[in-house]
Amino acid sequence: VAGRVVLSNGLDYRRSVQPDAPADGRLTGTVDGSGALGPGWQLRAGSSYDVAPRFRLLDAGLTLDRDLSPRTALRVGVQHSFDDAASTYVQAGLTWRLAACDVSLTGGYATGTGYAQALLRFSMGALFDPLEGRYRLARPGAATGGALALQAFVDANGDGRRQADESPVPGVVADSSSGVATADADGRLLVAELGDATRARVGIRAESIEDPY
């Protein structure tokens with residue numbers, strides 16, 4: 001980490017030995033960096049290169065990401081290849097983060113070949129809901145961090161468990177790092193993408209509960 005920029009570098013060596021052929025060794029490297037660029041923009045840049053048998057750049061690129069709103073993100077990028085058929089690829093896209101999936105619309109163009117493309121991509125995951133005993137559709141990355149299943153109900157006898165005659169509390173609103181979740185008509189909600197730390201903070205909006213007792 002250098003200031004507010006995160007840098008990484010890697011080297012990879014491969015050597016091929018075949019009968020009746022000279023040994024072929026190749027050392028390649030990659031360098032990547034990311035950091036904030038002004039308010040709201042995230043910059044990522046990277047390049048790969050040959051170190052041996054001779055030094056040369058293979059490619060280089062950069063990507064800019066920005067959240068336009070809590071549910072919408074913009075990405076623009078450019079990638080240039082330095083090989084014999086040198087080409088530059090530019091792309092731009094929008095991503096809409098829906099409750100059960102991400103929808104991305106991306107377009108790209110390669111200058112060397114004139115190749116153009118437009119992609120509509122749906123990305124989703126599956127998360128097990130222990131309250132309903134089944135898997136539910138979730139946004140991508142559901143398995144990369146913790147999740148919370150919550151059952152809100154009127155605990156008439158105070159034993160901490162819901163009985164058949166105890167009423168649910170629908171509409172309870174929970175705030176977390178992954179967004180806002182609202183309990184269904186049976187008082188159940190599932191909050192995913194809480195990260196992989198040992199603790200996570202989830203807040204319940206008091207105004208979403210008619211009777212806090």
Side-chain angles (χ1 to χ4, degrees), residues 1-98 100-126 137-145 177-179 193 195-196:
V1 179
R4 298 178 62 185
V5 178
V6 178
L7 297 173
S8 65
N9 185 65
L11 293 173
D12 179 73
Y13 180 73
R14 298 186 182 186
R15 183 178 178 85
S16 176
V17 179
Q18 300 180 11
D20 303 324
D24 179 21
R26 184 181 182 186
L27 179 62
T28 60
T30 58
V31 59
D32 297 282
S34 65
L37 182 67
W41 288 96
Q42 184 74 21
L43 171 67
R44 294 178 176 85
S47 178
S48 60
Y49 52 91
D50 273 344
V51 179
R54 65 183 180 89
F55 181 84
R56 63 168 182 159
L57 284 175
L58 299 176
D59 57 55
L62 60 86
T63 304
L64 284 168
D65 292 285
R66 180 182 177 88
D67 285 340
L68 303 178
S69 73
R71 293 291 183 180
T72 309
L74 169 69
R75 167 170 289 187
V76 293
V78 58
Q79 183 85 14
H80 183 75
S81 174
F82 295 95
D83 58 15
D84 295 336
S87 177
T88 300
Y89 181 76
V90 293
Q91 67 171 349
L94 282 172
T95 297
W96 293 272
R97 305 184 184 104
L98 306 181
C101 69
D102 284 356
V103 180
S104 300
L105 179 61
T106 305
Y109 177 76
T111 60
T113 61
Y115 174 75
Q117 67 174 0
L119 300 173
L120 181 62
R121 178 181 293 114
F122 296 87
S123 305
M124 63 188 67
L137 290 180
R139 294 184 55 244
T144 61
S177 58
S178 63
E193 300 178 69
D196 55 5

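Numbering of residues begins at 1 and proceeds along the displayed sequence.
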Under a 4.5 Å cut-off applied to non-hydrogen side-chain atoms, are [X] and [Y] in contact?
X    : Y    : value
L74  : W41  : yes
V103 : L120 : yes
H80  : L57  : no
L7   : V31  : no

Report the distance from atom [atom1] of [X] to atom [atom2] of [Y], rounding to the nearest 0.5 Å.
X    : Y    : atom1 : atom2 : answer
L105 : L119 : CG    : CG    : 8.5 Å
S104 : R121 : OG    : CZ    : 6.5 Å
L58  : D50  : CG    : CG    : 4.5 Å

Reference residue D59; test side chain to side chain donor-acceptor pair (under 3.5 Å); the match among S81, S47, S48: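 So the option named by the test is S48.
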R66 CZ: over 12 foreign heavy atoms closer than 6.0 Å: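 Yes.
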Whether over 12 other heavy atoms sit under 6.0 Å from R71 CZ: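 Yes, enclosed.
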Test item: S87 side-chain N/O and G112 main-chain N/O as donor-acceptor pair under 3.5 Å: yes
D65 backbone acceptor or donor facing R75 side chain under 3.5 Å: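 Between the backbone of D65 and the side chain of R75 there is no qualifying donor-acceptor contact (under 3.5 Å).
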Which pair of heavy atoms, one from [X] and one from [Y], lies closest together, and at what distance?
X    : Y    : result
M124 : C101 : CB-CB, 3.8 Å
R97  : A73  : NH2-CB, 3.4 Å
R139 : D102 : NE-OD1, 2.8 Å
A116 : Y109 : CB-CD1, 3.9 Å
S34  : R44  : CB-CG, 3.8 Å
L11  : Y49  : CD2-OH, 4.2 Å

Salt-bridge present (D12, R14; N to O < 4.0 Å):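 Salt bridge between D12 and R14, a charged N being under 4.0 Å from a carboxylate O: yes.
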